[in-house]
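Note sheet for the following structure.
In this text the structure is predicted, and so the values were computed from the model without any measurement. All residue numbers in this chain count up from 1 along the given sequence. Any value given below was found using the heavy atoms of this structure, including those in side chains, with hydrogens, waters and symmetry copies removed.
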Amino acid sequence: MSRQFTFHFFAAVACALTLSACSTAPAVKTAPPPPSLDELMAKATQAASSGNNEAAMGLWKQAAVEFPADKNPWVRMAQTRYEAGQYGDAIINAQEVLVRDPADKLANSVIAISGLRLSTRALADLSRQNNLSGSLRTESQDLAKLLRESLGETVLVPTPAAAQARGDKPPVRSQRKGQSKTADSSANPFDGLK
């Protein structure tokens, strides 16, 4: 009897250990579902509203990666970069919008205005450095003419009298070569193109 008892005892212990091992196995944790596009956009908008544009940009980038066919994250990134004066990045983000929706007017506007602002800066810098000459000057004049024609204007930047008649502030003119006062950043880069 003792042999049989020992055998049953060990069998019962082995069975109990096996059953207890099954019951103490860690439960499989399921990952929470990824956030929806609406949730990401709402969090990003809230971050932007509180002034944390970099956190908002991170959330919009995450939304763009997780929902690559949607243009809305790219629209918001383009707008934010444009408002921050980061025109190169605004153009890149707006181009992503146009990949998803070629007829998007906001993206086309961001590209056009950002491009003009970048061009204006570059022309102003060249003007200040007195390096606007030769083929670069000719090309700039041709582009200014095309821009005037596109806008339906005979003069790209109105004279101070015409601007005052409309209620605009007169443009600040830069000093010419040889004058002691340096040109300020609001100088009209198109003065030489009229």
Side-chain angles (χ1 to χ4, degrees), residues 26-129 131-132 136 139-140 142-153 156-158 163 166-169 171-172 183-190 193:
V28 177
K29 294 182 180 179
T30 58
S36 70
L37 177 63
D38 292 336
E39 291 171 339
L40 287 172
M41 295 298 287
K43 286 180 185 176
T45 301
Q46 184 180 21
S49 296
S50 67
N52 193 349
N53 284 343
E54 289 311 310
M57 289 299 291
L59 288 164
W60 286 320
K61 285 177 185 177
Q62 180 183 352
V65 168
E66 291 183 19
F67 302 92
D70 199 291
K71 72 177 186 176
N72 290 323
W74 294 106
V75 168
R76 294 304 308 267
M77 287 188 280
Q79 285 176 321
T80 301
R81 293 299 187 206
Y82 174 80
E83 289 166 2
Q86 299 168 341
Y87 302 119
D89 291 335
I91 290 170
I92 291 169
N93 294 146
Q95 286 174 329
E96 288 292 336
V97 173
L98 293 178
V99 166
R100 288 152 183 83
D101 181 6
D104 190 281
K105 289 181 182 179
L106 178 66
N108 279 312
S109 297
V110 167
I111 290 171
I113 296 169
S114 294
L116 287 171
R117 291 198 175 179
L118 288 173
S119 297
T120 301
R121 281 184 193 167
L123 286 171
D125 289 344
L126 285 171
S127 238
R128 276 194 295 277
Q129 298 165 5
N131 288 333
L132 190 60
L136 182 59
E139 186 175 347
S140 297
D142 291 342
L143 289 172
K145 180 182 176 187
L146 177 64
L147 185 57
R148 283 192 303 268
E149 290 170 358
S150 296
L151 294 173
E153 299 287 332
L156 191 58
V157 180
R166 288 192 330 222
D168 296 343
K169 286 184 172 181
V172 177
D184 104 11
S185 63
S186 64
N188 182 0
F190 296 107
L193 303 177

**Message:** Taking side chain to side chain contact (heavy atoms under 4.5 Å, CB included) as the definition, give me every residue that meets it alongside Ala84, ordered by chain and number, with sequence neighbours left out.
**Reply:** Gln86

**Message:** Testing the basics here: between Ala64 and Met77, what is the closest heavy-atom pair and its distance to 0.1 Å?
**Reply:** CB-CE, 4.1 Å

**Request:** Kindly indicate, with the supporting measurements, whether the criterion side-chain contact (heavy atoms from CB on, under 4.5 Å) is fulfilled by Leu106 and Val75.
**Result:** CA-CA 8 Å; Leu106 178 66; Val75 168; 3.6 Å; yes

**Message:** I want to check something: taking the side chain as every heavy atom from C-beta on, are Pro73 and Leu37 in contact at a cut-off of under 4.5 Å?
**Reply:** yes

**Item:** Pairs where residues 38-56 contributes a residue and the test salt bridge (charged side-chain N to carboxylate O under 4.0 Å, His left out) is met, not counting sequence neighbours
**Value:** Glu54-Arg81

**Request:** If a pair satisfies salt bridge (charged side-chain N to carboxylate O under 4.0 Å, His left out) and one of its residues is in residues 65-79, list it, with sequence neighbours excluded.
**Result:** Lys71-Asp101, Lys71-Asp104

**Item:** Heavy-atom pair of closest approach, residues Ala55 and Ala47
**Value:** CB-CB, 4.2 Å

**Message:** Show me the pairs that pass ring-ring contact (aromatic ring centres under 6.0 Å, His included) and involve residues 96-128, at least two apart or across chains.
**Reply:** none

**Request:** Only one of Leu40, Asn52, Thr45 passes side chain to side chain contact (heavy atoms under 4.5 Å, CB included) with Leu59; say which it is.
**Result:** Leu40

**Prompt:** Quick one: side chain to side chain contact (heavy atoms under 4.5 Å, CB included) partners of Ile113, sequence neighbours excluded?
**Reply:** Tyr82, Arg117

**Item:** 4.5 Å side-chain heavy-atom contact, Leu118 and Ile91
**Value:** yes

**Prompt:** So which heavy atom on Gln62 is nearest to which on Pro35, and how close?
**Reply:** NE2-CG, 4.2 Å

**Asked** Do Ser114 side-chain atoms and Ile111 backbone N/O form a donor-acceptor pair below 3.5 Å?
**Response** no

**Prompt:** Minimum heavy-atom separation for Ala63 to Met41, with atom names?
**Reply:** CB-SD, 4.4 Å

**Asked** Is the shortest heavy-atom distance from the side chain of Trp74 to the side chain of Val99 under 4.5 Å?
**Response** no

**Message:** I need the full list of ring-ring contact (aromatic ring centres under 6.0 Å, His included) pairs touching residues 95-121, with sequence neighbours left out, sorted by first then second residue.
**Reply:** none

